[in-house]
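Presented below is the structure to which this report refers.
Letters go in sequence order (proteins before strands), and every chain restarts at 1.
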Number of protein chains: 4
Amino acid sequence: MSSSSARSSTGALRNPQTHQAILESTIEILKESGYCGVSIESVARRAGASKPTIYRWWPNKAALIAEVYESESDRVRQMPDLGSLQEDLSFLLHNLWGAWRETICGEAFRSVIAEAQLDPIMLAQLKDEFMARRRDMPRRLLQNAANRGELAEHVNPELLLDLIFGFCWYRLLTEQLTAVQDIDVFIDMLLLGVTARHA
Amino acid sequence: MSSSSARSSTGALRNPQTHQAILESTIEILKESGYCGVSIESVARRAGASKPTIYRWWPNKAALIAEVYESESDRVRQMPDLGSLQEDLSFLLHNLWGAWRETICGEAFRSVIAEAQLDPIMLAQLKDEFMARRRDMPRRLLQNAANRGELAEHVNPELLLDLIFGFCWYRLLTEQLTAVQDIDVFIDMLLLGVTARHA
Amino acid sequence: MSSSSARSSTGALRNPQTHQAILESTIEILKESGYCGVSIESVARRAGASKPTIYRWWPNKAALIAEVYESESDRVRQMPDLGSLQEDLSFLLHNLWGAWRETICGEAFRSVIAEAQLDPIMLAQLKDEFMARRRDMPRRLLQNAANRGELAEHVNPELLLDLIFGFCWYRLLTEQLTAVQDIDVFIDMLLLGVTARHA
Amino acid sequence: MSSSSARSSTGALRNPQTHQAILESTIEILKESGYCGVSIESVARRAGASKPTIYRWWPNKAALIAEVYESESDRVRQMPDLGSLQEDLSFLLHNLWGAWRETICGEAFRSVIAEAQLDPIMLAQLKDEFMARRRDMPRRLLQNAANRGELAEHVNPELLLDLIFGFCWYRLLTEQLTAVQDIDVFIDMLLLGVTARHA
DNA sequence: ATATAAACGAGACGGTACGTCGGGTCTTTTT
DNA sequence: AAAAAGACCCGACGTACCGTCTCGTTTATAT
């Protein structure tokens with residue numbers, strides 16, 4: 001995925017066109033037929049590549065789709081800093097849901113989650129690499145809020161991240177990302193709590 | 001079809017032992033090898049049944065696993081009524097996580113979710129049948145709380161259910177159901193909100 | 001290969017059309033492209049069969065080709081009885097060479113021999129089944145000659161069979177089956193010996 | 001295979017160590033795993049050479065194995081002259097079978113024959129180069145016998161060579177080279193004929 | 001000395017085929 | 001009529017080699 005700067009030895013270089021063609025074919029198939037249309041064979045066929053070439057660079061289907069996610073998810077990486085947790089979270093989730101809906105990232109992420117249910121090793125990768133990286137930015141966002149004194153004492157930031165991601169995953173996995181107005185209601189409930197306060 | 005309503009023919013009835021053997025084999029395989037070990041072939045092999053027999057009664061693997069879930073999830077169906085939303089939710093989630101951890105239900109549910117990512121029809125079943133049924137009881141629980149005046153005005157109950165299920169799904173799908181102490185921290189955050197209140 | 005008279009159990013019968021199509025496709029490919037064009041894939045492709053179906057009935061390529069040989073080699077099975085070893089041998093070899101040249105049997109047999117050089121198990125099958133069966137008839141021919149008192153005392157019949165088959169194999173494997181006049185010169189040398197006798 | 005004496009242009013010379021390492025690796029693999037273990041890849045791997053280097057010097061696997069045969073078959077080249085065809089043939093065949101059994105030559109020759117069944121070009125090489133060279137010495141042996149008046153008039157020397165080689169090939173290809181006592185029985189049958197003579 | 005050219009390792013690559021697994025559907029026999 | 005047993009086509013799996021190509025290094029002439 002990332003190329004090391006120093007070549008360890010001689011030999012032909014990886015063909016970037018093939019690399020690109022494989023990624024693009026995966027995206028096209030995901031768009032046309034969804035995850036269940038993606039097989040190493042179908043990707044190879046469409047990319048004009050050979051199966052061994054794909055297996056040389058990606059250990060399995062999940063790794064291929066994960067790289068597709070990485071390559072298409074630039075938009076989700078920018079960290080908002082709008083002055084309040086409420087605004088930051090709102091920006092973040094609108095942005096994330098939008099990317100999931102409008103690019104192939106949503107389909108790709110669903111695939112990665114599904115695949116991780118089949119194989120413990122992929123689940124470990126999902127948790128320890130994929131999600132670990134993706135929790136960083138929201139975590140800093142919570143940290144900023146904490147620094148501003150916005151967070152209550154009983155808040156456990158990691159648990160709060162689970163809560164936020166859980167809601168998003170649930171909507172992604174049940175194909176309910178279009179009701180964007182729910183985002184702000186969700187944030188209200190989250191920030192204010194669901195219990196009535198009788199002054 | 002063309003014959004009268006009274007059974008006149010000598011045909012064999014559905015063999016309940018076969019039915020049971022298929023469910024039990026599915027459970028055993030789920031326990032031993034997890035979801036990826038479950039295939040119609042492997043179930044048929046272990047149950048001593050034939051593939052067509054399985055296909056006659058279950059349209060696909062997900063339906064088979066869903067029935068396994070139903071048959072093993074009695075424990076999760078009891079509705080608590082402990083007098084407060086906090087206590088009811090705590091009981092509910094401890095109970096649910098326990099069942100997911102200690103019976104095959106957790107594995108089965110993960111499978112159903114994963115399978116639903118492959119096929120839109122199964123996703124529809126998951127949402128409209130499986131989840132619809134499972135949201136009923138928690139919904140009544142929220143209703144009770146509302147009747148007691150416990151819920152804030154800005155609360156959207158369906159969204160709140162999504163939030164609760166989202167958190168549970170996230171923990172299930174990332175195999176983090178053992179940290180049961182998180183349940184009550186989660187409920188605290190949920191009920192009180194995460195925003196600091198400066199009296 | 002041979003159908004047993006009594007069915008052992010229930011279930012669909014083997015589809016004779018598929019069986020036939022596979023054999024015929026093998027023959028066609030052998031004719032068009034020779035042994036190196038025959039692969040399980042190419043046979044399956046042309047026969048409109050699936051690879052698993054072929055593997056269900058034949059353990060490997062050699063077994064498939066061996067059955068082709070069996071099914072096409074009726075002509076070689078008739079045992080001559082013309083009254084003298086010289087005439088019987090002449091008939092036998094002309095017949096054999098003709099079948100090898102004019103049907104697909106020659107190509108098939110070459111393939112079986114080549115394949116047996118790759119795998120000890122196939123070599124054992126070639127010796128213990130394939131050749132064992134094919135040596136029977138010539139052996140009886142020698143027996144007849146012996147009964148007529150035609151054979152010298154120092155003759156070892158099995159060794160003599162090796163000698164005859166060796167000559168034929170050599171010509172087959174080096175594609176020299178057209179010089180049929182050599183057959184009778186060979187038989188003369190065999191019967192009379194190559195040593196000059198000075199009266 | 002042979003290096004021309006005059007260099008045509010500049011450039012590094014062929015590395016004799018690499019050449020040797022390739023041959024030796026081929027021999028080792030032939031010994032350990034037989035012909036089916038020999039692939040250009042496996043030879044390159046073991047020799048620490050690259051595939052293009054092998055392809056630069058040998059057009060195909062058969063040529064490589066044929067060179068192995070040449071390099072290991074010195075022993076079979078000496079021509080006996082013991083005064084009688086019977087003794088000469090006996091020496092020749094004992095020597096040949098011994099070399100085939102005790103060195104890698106037998107395995108190598110089987111491989112060359114098998115390979116020639118796959119490709120007409122290799123078959124032509126086998127006949128026109130490989131075998132042509134190997135028939136020379138036995139042919140002179142027969143010539144000597146003829147000069148001594150040992151051969152009957154009806155003998156066709158080339159056919160007689162086919163007969164002798166055929167017997168040896170048959171035994172080689174069916175792994176029956178250990179019964180060396182058969183050699184002299186074979187020669188007796190060959191010289192005296194198999195027909196009984198009633199004085 | 002310095003181009004020039006070949007040999008060579010390393011290895012990427014498109015292919016073809018391997019032998020296997022599982023998905024669904026169909027036919028045949030048994031109960 | 002239902003069940004059981006298999007045969008069957010289909011598609012995909014992950015791997016092994018094939019033979020060709022590019023790349024960068026080394027080594028031996030030829031200027």
Nearest whole angstrom, please: distance from the [atom2] of [N] to the [atom1] of [X].
{"X": "A:Q17", "N": "E:dA12", "atom1": "CD", "atom2": "P", "answer": "17 Å"}
{"X": "C:N60", "N": "E:dG19", "atom1": "CG", "atom2": "P", "answer": "8 Å"}
{"X": "A:K51", "N": "F:dT15", "atom1": "NZ", "atom2": "C1'", "answer": "9 Å"}
{"X": "D:I22", "N": "E:dA7", "atom1": "CD1", "atom2": "P", "answer": "13 Å"}
{"X": "C:I29", "N": "E:dA17", "atom1": "CD1", "atom2": "P", "answer": "10 Å"}
{"X": "D:I54", "N": "E:dG11", "atom1": "CD1", "atom2": "C1'", "answer": "14 Å"}
{"X": "B:H19", "N": "F:dA4", "atom1": "NE2", "atom2": "C1'", "answer": "17 Å"}
{"X": "D:W58", "N": "F:dC18", "atom1": "CH2", "atom2": "P", "answer": "15 Å"}

Which nucleotide in [options] has an atom nearest any side-chain atom of [X]:
{"X": "B:W57", "options": "E:dC13, E:dT25, F:dA3", "result": "F:dA3"}
{"X": "A:N15", "options": "F:dG6, E:dC13, F:dA16", "result": "E:dC13"}
{"X": "A:Y55", "options": "F:dA7, E:dA7, F:dG14", "result": "F:dG14"}
{"X": "A:I40", "options": "E:dC18, F:dG14, F:dC8", "result": "F:dG14"}

With sugar-phosphate meaning primed atoms plus P, OP1 and OP2, does [X] contact a base, only sugar-phosphate, or nothing at under 4.0 Å between heavy atoms?
{"X": "A:A44", "result": "nothing"}
{"X": "A:T18", "result": "sugar-phosphate"}
{"X": "A:S39", "result": "sugar-phosphate"}

Point to revise | Test item: A:S111 and A:L30 side chains (from C-beta on) under 4.5 Å apart, heavy atoms | key: yes
**Study point:** Stepwise side chain to side chain contact (heavy atoms under 4.5 Å, CB included) check, A:F109 with A:L126
**Key:** CA-CA 10 Å; A:F109 200 11; A:L126 172 62; 4.2 Å; yes
Check your understanding: Parallel, tilted or perpendicular: which fits the ring planes of D:F130 and D:Y69, with parallel below 30° and perpendicular above 60°?
Key -> perpendicular
Point to revise | Carboxylate-amine/guanidinium contact B:E107 B:R110, below 4.0 Å | key: yes
Point to revise | Between CD1 on residue C:I104 and CG on residue C:L23, distance to nearest 0.5 Å | key: 12.5 Å
Revision key, fill the gap. Hits for side-chain contact (heavy atoms from CB on, under 4.5 Å) against C:Q17, two or more places apart or cross-chain, chain-then-number order -> C:N15
**Study point:** Residue whose nearest DNA chain E nucleotide is more 5′ - B:P59 or D:G48
**Key:** D:G48
Check your understanding: More 5' along DNA chain E: D:P16 or B:C36, using each one's nearest nucleotide?
Key -> D:P16
Check your understanding: Considering heavy-atom distances to DNA chain F, does A:E41 or D:K61 have its closest nucleotide positioned more toward the 5' end?
Key -> A:E41
Short side-chain N/O contact to [N] OP1/OP2 from [X], under 4.0 Å:
{"X": "D:T53", "N": "E:dA7", "value": "no"}
{"X": "C:R45", "N": "E:dA17", "value": "yes"}
{"X": "B:R56", "N": "F:dA1", "value": "no"}
{"X": "C:S50", "N": "F:dC9", "value": "yes"}

